[in-house]
Structure formats: structure tokens, C-alpha cells
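Data block below; observations after.
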Amino acid sequence: MVTAIEVHKATKTYHRGGETLVVLDALDLSMDGGAFYALMGPSGSGKTTLLNLIGGLDHADAGNVVVGGTDLSTLDGGQLAQWRAANVGFVFQGFNLLPVLTARENVELPLLLAPLSKQKRRAQAEHALELVGLQDRMDHKPRELSGGQEQRVAIARAFATDPQVILADEPTGDLDRATATQVLELLQRLNRELHKTILMVTHDGEAAMFADKVIHLDKGKLGRIDDNRKAAAAGHTSRN
Amino acid sequence: MPFKLLLRNLLAHPVRSVLTAGSVTVAVFLLCVLDAANRGLDTAVATASSSRLWVQSAVSLFVSLPASYESKITTVPGVDWLVRFQWFGGIYQDPSNFFAQFGVDAEKWVKSYPEVEFTQGTLADWQRARTNCIIGEDLAARFGWKIGDHVPLIGTIFPRTDGATWDFTIAAKYRSKSVNVDQSTMFFHFDYLREGLEQHAVQGPQGVGVFLTQLRGDAAPDAVIAGIEQTYENGPQRVRATKEAEFQRQFVTMLGSVPTLIASIGGGVLFAIFFAVLNTMLMAGRERTRDIGILKALGFRNSTISALLLVESLLLCLSGGLVGAGLAKMAERPLWSIVNSMIPGFSIYDSILLQGILLAATLGVLAGALPSLRASRLAPVTALRLDV
């Protein structure tokens with residue numbers, strides 16, 4: 001498997017009230033392309049910060065993050081924005097859909113940054129919504145959708161531009177168990193069908209089970225990486 | 001630029017958008033009207049005739065000159081003829097029905113005002129009876145007066161000793177081709193007034209209010225002015241001669257700081273509205289902090305996100321400005337009929353409307369600049385984290 005994401009000695013500190021908080025401490029990490037990763041750890045362990053660095057939403061104070069061969073530390077704000085538009089899809093805990101736009105328009109939004117005709121844009125947005133099973137909710141605004149449907153629209157938006165990497169920050173945090181399972185199954189299915197690298201921050205051990213690998217962070221450092229596939233295979237072998 | 005998002009944001013809070021645009025509408029409407037009033041005052045000065053001088057008492061416009069001055073001033077080189085003018089100040093039924101009335105020498109008045117033309121009746125009709133008068137088309141329209149109608153006026157400066165009203169008969173109507181002569185005035189025979197005073201049937205100041213002095217074609221106005229003023233340099237009553245433009249200007253000056261006040265009110269209104277729009281746009285910007293974060297995460301550039309807020313503010317103010325300018329144009333005629341006796345040059349020119357619309361657009365850009373700058377400076381992570 002090709003390495004999709006490499007994090008080299010990434011350090012990130014925050015200053016609050018004269019206190020310096022080291023959120024990521026010279027973190028080294030490497031992720032394979034096309035795999036589904038869960039990122040776990042206690043609050044303040046640096047999960048969301050790492051996600052933001054990989055997504056080009058923030059810069060590391062030291063070290064660098066390379067995604068798909070691009071060293072993000074070499075890009076300025078405008079270049080990062082352009083890079084994000086082409087290479088990353090985001091799924092947030094609070095869905096983060098624009099309330100004034102319909103489901104289709106929300107999915108179409110990142111496509112405005114791609115050199116596509118209006119018809120092509122619309123077709124691509126509709127296809128993405130069909131992938132998440134919302135073909136009958138395209139003209140609904142977010143307030144007319146359930147939480148699970150909103151998150152599926154957000155997932156469709158993340159996949160619409162055909163990015164290399166999907167970053168999901170607690171995507172099931174605001175959902176009930178049944179809906180959360182549907183969303184996780186959807187992410188898993190899209191990962192397998194479309195071979196996108198997915199990195200999902202979660203506190204939920206059950207959610208993490210949907211990923212291929214689980215990265216554990218602790219106090220800004222890499223703890224361990226569990227391989228769910230190997231564990232599942234081993235469990236299967238021992239049962240046999 | 002995601003135009004759909006821009007429009008949806010504009011319409012997301014329709015009441016707020018309408019109220020904000022409405023406040024700009026009111027501001028632009030007021031600015032257009034106030035500017036038209038200010039320019040109107042200047043127009044009367046600018047369109048004044050250069051062949052007419054006005055001679056008044058050096059003491060004040062409200063002090064009459066001896067009637068005997070007429071013959072002597074006529075002999076000053078460069079003077080062709082004089083027209084006696086007397087402000088009458090009568091009341092038609094109620095003081096709220098105010099309109100200007102002047103006693104004049106009919107024939108010479110007509111000769112002096114080539115810009116005035118009879119629309120009904122003739123000079124001969126006017127001259128047929130001493131109580132006849134001529135009225136402007138706008139005055140006729142205001143009261144629905146027709147030829148032959150009687151107009152009773154209560155004398156205030158010149159009350160009749162028997163307590164009766166003055167009775168005038170409308171013999172002709174006029175309109176003016178120039179804004180320096182308004183169409184809301186009544187002119188009657190000066191001699192009708194003079195005879196009443198001589199017969200003691202009327203109380204009031206003797207003499208003549210002002211003399212309109214018609215210059216010969218080749219006369220140098222400054223030399224004639226000097227000649228007239230020198231004639232009465234040593235009394236019995238000194239006179240002041242002015243060009244018509246100067247004479248008109250003194251009425252504007254008499255208004256004192258009114259033009260400044262008008263301009264100040266306009267400026268004040270604009271400032272108040274600016275803060276209202278700024279407040280709205282700041283609120284809109286803050287409410288959309290998370291949306292800004294989402295757009296940044298999706299890859300929209302800072303410049304695009306700034307432009308979204310800036311153009312939204314611009315569209316909001318511009319729409320208000322266009323409606324305000326449109327309303328001002330629609331209100332031009334009704335407003336003119338109210339103010340034309342005081343401001344005959346009142347007109348809402350296209351340049352005034354354009355200025356109002358440009359001001360609204362500037363207001364929009366200025367009010368949108370601050371939230372737009374804030375949006376561009378906001379880090380995506382911060383914007384996404386903030387829950388406004």
C-alpha cells in the first residue's frame with residue numbers, strides 16, 4: 001500500500017493565560033493510502049489538532065505533514081485553500097452544512113472550486129447524494145432533515161470532489177447509536193468502494209471498530225496502532 | 001463567487017434585510033430631496049437675468065423707497081425703464097394658503113420678463129380693469145382658479161380701513177420658461193394699491209418696495225449700479241442697487257444657515273444609517289462565523305469569503321438606494337408643488353439621483369468592509385470552533 005499521509009516530528013503548542021500547552025509533541029506517524037483509520041485518545045490528546053494539520057486547516061509549529069506527496073508546511077494560506085479544495089473532504093461532528101442551501105447545493109458548494117460546467121457540477125452532486133442514499137432529499141434544506149440525513153449530506157459533500165483523503169471529526173458524536181451505525185457503515189462502504197483514505201477522530205470504541213486501524217494518541221504522542229483487520233482475522237482463526 | 005449562497009444569505013432574514021434596505025431608502029430619499037432643495041436655491045441665483053437690476057433701500061429690503069425715485073433713477077445712463085414692485089403679503093382665507101402677491105406696473109413687467117408667457121388671457125385683458133390680476137399656472141392649479149374668478153385677500157401689510165378684503169379678478173394666467181420666475185405668484189396693478197393708499201382707504205407703508213431696473217442692451221451693469229447708488233449717496237434715503245443674481249442670493253442668505261442646516265441634516269441621516277447598516281452587517285458576519293469556517297475548510301479563498309460579505313452589504317444598500325432614488329423621482333412633482341413658491345428651482349436632477357445611489361453603494365462597501373476584513377482574518381480552525 002502507498003503511504004498517503006506522513007507526519008514528521010509535528011509539534012503544536014497553544015498559549016493560554018501565560019501557560020504553554022503542548023498539544024502535539026514531535027509526533028511521527030505514517031498512514032497508508034486507501035485505509036480507514038480511527039484516531040482515539042483522551043480529551044486534549046491532540047486528535048483534532050492532528051486532524052486539522054493533516055487537513056491543512058492549521059500549521060504545525062515544528063515538523064511537517066506530507067499528504068499525497070505535498071508538504072503542507074511549504075504552502076501559504078491561499079495555496080492551502082486550493083490544496084484543501086482538491087485533496088481533502090471534511091466531515092464534522094456538528095454536520096456543518098450551510099443552513100440556507102439545500103442538500104444538493106451544499107454538496108455542490110466545493111464543486112464550485114473545480115473547473116466544471118454547471119451541468120457536470122449538478123450531476124456530480126446528485127451522484128454523491130445517491131451514493132449516500134439521499135436521492136429523494138436533494139431539495140431539502142438542513143433543517144428539514146434528520147441528524148443522520150444531515151451527516152450523510154456532509155459525507156456526500158466530502159466525497160463529491162473525489163479527494164484523496166476524508167477527515168472526519170467525531171462524525172457520530174451527535175447521533176444516536178442506530179443512526180451512528182448507519183453513518184459508520186456508510187463511511188466503511190465508501191472507503192471500500194472508492195478506496196479513499198479516511199481518518200476519523202472518535203471517542204467511541206464501537207465506532208473505532210469500523211476502521212481498519214486505530215491510532216491511539218496520548219498527550220500529543222503516538223501511543224499504539226491497533227490493526228482491526230488482523231485482530232478480526234485472528235479471532236476468526238481462533239474460533240475456527 | 002457562490003452567487004446562490006450570496007442571494008440566499010441576503011434573503012435568509014427577510015425582515016432584517018428589508019428594514020436595513022428600507023433605512024437606506026429613507027436616507028437616499030431624504031438626501032435627494034434635501035440636495036434638490038439646496039440646489040434649487042442656487043438655481044434661482046444661477047438663472048437670474050443679467051439685464052435686470054434691483055434697487056432697494058440701503059437700510060433694508062423691508063423699508064420702502066419714495067415713489068419719486070422712479071423718475072430720477074430712470075435718468076441714470078444705461079437705465080431703460082423701471083418697474084415698481086411691492087410685496088403685498090395678503091392672506092387668502094387662511095394663512096396656511098400662503099402664496100406671494102406683488103403689485104407691479106403691468107406693461108413694463110411683461111416687457112422685462114421675456115421668459116414669462118401668457119397661457120390664458122393677454123396683457124390687454126389684465127389692463128382692462130384696475131382690480132385685475134395675473135396668476136401663475138401652478139397657483140391656478142393649486143386652488144382650481146379660472147379666468148374671471150374673484151380672489152379676496154385680507155391685507156396684512158396693507159389692510160383696508162373699512163375692514164373689507166381686497167378683491168382681485170383673474171384676467172390672465174402665465175407660465176415661465178425659466179426657474180427664476182416661479183409659477184405660484186399673483187401680480188396685480190401697483191396703481192390699485194397706490195390709489196387705495198392715496199385715498200386713505202388703505203393703511204400701510206407709502207412708496208415703493210423695490211424698483212426693478214431694466215438695463216439698455218449696451219449698458220454695463222456695474223457702471224449703472226454705481227450711477228444709481230451715487231444719485232442717492234447723500235440721501236434723503238440711500239439706495240442699494242444689485243444685479244438680479246445678487247438680489248436672489250440675498251433671499252438665500254436671508255435663510256441664514258438653512259442650506260447648511262439642510263446639508264447637516266442630510267449628513268446626519270447618512271451617518272445614522274451608516275451605523276445601522278454597519279451593525280446589521282457585523283451581526284450578519286458574526287452569525288456566519290461557522291459558515292465562514294466551513295467555506296474556508298472547503299477551500300474557498302479569503303478573498304472570496306470577504307467578497308461575499310462585501311457584495312451582500314453592497315447589494316443591500318444599493319437596492320435601498322435605488323428604491324430611495326426612485327421614490328424621490330416619483331415624489332418630485334408633488335414636492336415641487338409644495339415648495340416651488342419658496343424654491344422655484346426645486347428639481348430632482350438625474351445627477352442628484354445618481355449621487356444618492358452612489359452614496360448608498362459607498363455606504364454598503366464601507367459597512368461591509370469591517371465584517372469582511374474580520375472574515376478574511378479569521379483562521380479556519382477558529383471559525384469552526386466558535387459557536388455564535
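Letters A, B, ... are given to chains in the order of the sequence lines, protein chains preceding strands, and every chain is numbered from 1.
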Of all the heavy-atom pairs spanning B/Ile294 and A/Asn96, show the shortest one and how long it is.
CD1-O, 3.1 Å
Rounded at 0.5 Å granularity, tell me how far CG in A/Leu112 sits from NZ in B/Lys4.
9.0 Å
What one should report as the nearest heavy-atom pair of A/Phe92 and B/Ala297 is CZ-CB, 4.0 Å
Heavy-atom contact with chain A under 4.5 Å, split by part of B/Asp291
both
So for A/Leu113, is it side chain, backbone, both, or neither that comes closer than 4.5 Å to the heavy atoms of chain B?
side chain
Minimum side-chain heavy-atom gap B/Leu384-A/Leu57 below 4.5 Å:
yes
Taking side chain as everything from C-beta outward and backbone as N, CA, C, O, which of these in A/Leu109 sits under 4.5 Å from a heavy atom of chain B? Side chain, backbone, both or neither.
both
For the pair A/Arg84 (side chain) and B/Lys296 (backbone), establish whether a donor and an acceptor sit closer than 3.5 Å, ignoring hydrogens and angles.
yes
Does the pair B/Arg8/A/Glu105 count as a salt bridge with the N-to-O cut at 4.0 Å?
yes
Considering residues, nucleotides and ligands other than B/Phe271, do more than 12 of their heavy atoms fall under 6.0 Å from its CZ?
no
Pick one of side chain, backbone, both or neither for B/Leu295, based on which atoms fall under 4.5 Å of a heavy atom in chain A.
side chain
Could you check which of A/Asp58, A/Val100, A/Leu101 has the highest count of heavy-atom pairs closer than 4.5 Å to chain B?
A/Val100
Does A/His127, at its NE2 atom, have more than 12 non-hydrogen atoms belonging to other residues, nucleotides or ligands within less than 6.0 Å?
no
